[in-house]
**Q** 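Once you've had a glance at the structure underneath, I'll fire off some questions.
Here the structure is a predicted model, which is why all the values come from computation and not from measurement.
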Amino acid sequence: MTTEAAARAEYCVIACAEAWRDNGEVLASPMGLIPSFGARLAKRTFSPDLLLTDGEALLVGLDGEPEGWLPYRRHLAMVTGGKRHVMMGASQIDRYGNQNISCIGDWRRPSRQLLGVRGAPVNTLNNPVSYWIPKHSPRVFVERVDMISGVGYDHAVGPYHRLPRVVTDLAVLDFETPDRTMRIASLHPGVTVEEVRAATGFDLVIDEDVPYTREPTAEELRLIREVIDPRRLRDREVAPR
């Protein structure tokens with residue numbers, strides 16, 4: 001089973017897992033299917049100290065069984081002290097990493113009401129935040145977000161603000177540039193720079209040599225396919241290509 005070539009969704013799982021590399025003992029808070037698989041893969045391999053939660057009140061192990069209690073006050077202390085790394089989604093995101101999950105259009109009379117800002121301001125100002133976007137398009141990657149929910153680098157304050165990476169179905173992006181604007185960090189195999197550029201509504205920083213997202217190891221593929229996601233739910237989020 002592990003001899004089958006890696007599919008696009010599996011590269012996305014790997015790219016999400018890499019967001020938590022070298023994080024140490026922090027609470028991994030993935031929002032979404034593929035980020036959840038990535039966090040579980042990271043804990044099973046190169047980031048064993050990660051803490052996983054059931055999303056409510058318990059710390060859980062790799063099998064989902066409770067390992068400890070996570071009361072709200074302790075969770076809040078982790079959130080506000082840089083001890084959590086969340087991976088959120090985005091309805092819009094701009095070149096500085098400002099994220100919108102609140103509304104589309106003028107916030108006084110929006111054309112579409114979304115989730116609201118929820119915990120995005122606190123998340124982005126108080127602990128590292130990465131993003132997972134399953135469909136890379138100009139509707140998501142916009143010149144300017146209609147409303148700032150998650151805070152980007154041009155509005156950042158505080159010692160814990162950090163946006164390690166944005167993972168999409170096409171590429172991995174980061175903000176490792178002098179002016180903290182978004183660049184292509186890696187392309188998923190089979191994707192071109194031109195494809196990513198065409199799917200982005202602003203100019204990305206593009207290095208002379210853009211690498212590909214790293215290959216999963218045979219053991220990582222085995223874990224994804226046989227242990228973490230044997231039902232191939234990942235392919236529903238990112239179809240095989």
Side-chain angles (χ1 to χ4, degrees), residues 10-90 97 99 119-133 150-153 156-167 172-177 180 182-183 185-186 211 213-217 219-224 227-229:
E10 290 164 337
Y11 284 106
C12 292
V13 172
I14 289 293
C16 288
E18 285 288 343
W20 286 285
R21 184 180 285 275
D22 299 326
N23 275 199
E25 192 177 63
V26 304
L27 183 64
S29 295
M31 300 180 184
L33 197 63
I34 284 181
S36 294
F37 296 156
R40 289 162 60 189
L41 180 66
K43 183 173 176 63
R44 285 182 178 274
T45 54
F46 50 76
S47 293
D49 293 333
L50 280 182
L51 302 176
L52 303 179
T53 175
D54 66 350
E56 295 185 11
L58 296 171
L59 293 171
V60 298
L62 288 170
D63 57 1
E65 290 298 312
E67 287 190 339
W69 185 41
L70 187 68
Y72 185 74
R73 63 182 179 273
R74 184 179 171 197
H75 195 161
L76 188 62
M78 298 179 82
V79 170
T80 57
K83 290 304 232 179
R84 183 175 77 152
H85 184 168
V86 61
M87 183 171 280
M88 294 195 294
Q99 171 243 35
V122 173
N123 287 342
T124 49
L125 290 176
N126 290 285
N127 50 246
V129 172
S130 293
Y131 291 103
W132 160 242
I133 297 168
V151 180
Y153 277 107
V157 295
Y160 300 121
H161 178 273
R162 186 165 65 89
L163 307 177
R165 61 175 43 198
V166 179
V167 181
V172 179
L173 306 115
D174 65 19
F175 302 89
E176 298 300 317
T177 57
R180 290 297 196 176
M182 195 181 293
R183 71 160 189 163
S186 71
T213 303
R214 77 165 177 87
E215 293 289 329
T217 66
E219 176 62 9
E220 287 171 333
L221 282 179
R222 187 192 70 80
L223 288 169
I224 292 170
V227 179
I228 295 172
D229 183 31

**Q** Given 3.5 Å as the limit, does a donor-acceptor pair link the side chain of Arg165 with the main chain of Ser130, or not?
**A**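 Answer holds: no.
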**Q** Less than 4.5 Å apart, side chain to side chain, heavy atoms only: is that true for Leu163 and Tyr153?
**A**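 Heavy-atom side-chain distance check passes, below 4.5 Å.
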**Q** Got a second to check how far Asp22's CG is from Phe46's CZ, nearest 0.5 Å?
**A**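 The CG atom of Asp22 sits 8.5 Å away from the CZ atom of Phe46.
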**Q** Can you check whether Glu10 reaches Ile14 side chain to side chain, under 4.5 Å on heavy atoms?
**A**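 Not touching, per the 4.5 Å side-chain cut-off.
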**Q** Output side-chain donor-acceptor pairs under 3.5 Å for residues 119-127, partner residues at least two apart or in another chain, one line each.
**A**
residue	atom	partner	partner atom	Å
Asn123	OD1	Arg84	NH2	2.2
Asn123	ND2	Gly119	O	3.3
Thr124	OG1	Ala120	O	2.8
Thr124	OG1	Pro121	O	3.2
Thr124	OG1	Val151	N	3.0
Asn126	ND2	Val122	O	3.0
Asn127	ND2	Asn123	O	3.1

**Q** Please report the closest heavy-atom contact between Glu220 and Pro216, naming both atoms and the distance.
**A**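 Result for this residue pair: OE1-CA, 3.4 Å.
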**Q** Fit a plane to each ring of His85 and Trp20, take the angle between them on a 0 to 90° scale, and name the class: parallel (under 30°), tilted (30 to 60°) or perpendicular (over 60°).
**A**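 It falls in the tilted class, 30° to 60°.
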**Q** Taking Leu52's backbone N and O only, do any of them form a donor-acceptor pair with Arg40's side chain (distance below 3.5 Å, no angle check)?
**A**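 It does not hold such a pair.
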**Q** What's the shortest heavy-atom distance between Tyr131 and Ala90, and which atoms?
**A**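 Looks like CD2-CB, 4.4 Å.
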**Q** Nearest 0.5 Å, please: how far is CD in Glu18 from CZ in Arg214?
**A**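 The CD atom of Glu18 is 4.5 Å from CZ of Arg214, to the nearest 0.5 Å.
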**Q** To the nearest 0.5 Å, how far apart are OG in Ser29 and CG in Leu51?
**A**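 Separation between the atoms: 9.5 Å.
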**Q** Might you work through the side chain to side chain contact (heavy atoms under 4.5 Å, CB included) test for Leu50 and Val26, ending with a clear yes or no?
**A** CA-CA 6 Å; Leu50 280 182; Val26 304; 3.8 Å; yes
**Q** Please check: side-chain N/O of Gln99 versus main-chain N/O of Gly152, any donor-acceptor pairing under 3.5 Å?
**A**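 No, the answer is negative, given that no donor and acceptor are paired below the 3.5 Å cut-off.
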**Q** Between atom CG of Leu41 and atom CG of Leu62, what is the distance when rounded to the nearest 0.5 Å?
**A**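 The distance works out to 10.5 Å.
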**Q** Out of curiosity, Cys12 SG to Ile133 CD1, how far, rounded to the nearest 0.5 Å?
**A**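 Nearest 0.5 Å value for the SG-CD1 distance: 11.5 Å.
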**Q** Taking the side chain as every heavy atom from C-beta outward, state whether Leu27 and Lys83 have any pair of such atoms under 4.5 Å apart.
**A**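 No; the side chains remain at least 4.5 Å from each other.
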**Q** Under a 3.5 Å distance rule, please check whether Ser36 uses its side chain to pair with a backbone N or O of Gly32 as donor and acceptor.
**A**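 Present.
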**Q** Are any of the side-chain heavy atoms of Glu215 and Tyr11 separated by less than 4.5 Å?
**A**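 With C-beta onward as the side chain, the pair touches.
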**Q** Run the side chain to side chain contact (heavy atoms under 4.5 Å, CB included) check on Arg44 and Ile228 step by step: do they pass?
**A** CA-CA 10 Å; Arg44 285 182 178 274; Ile228 295 172; 4.1 Å; yes
**Q** Is Cys16 close to Val167 at the side-chain level, that is, under 4.5 Å between some pair of heavy atoms?
**A**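 Side-chain contact under 4.5 Å: yes.
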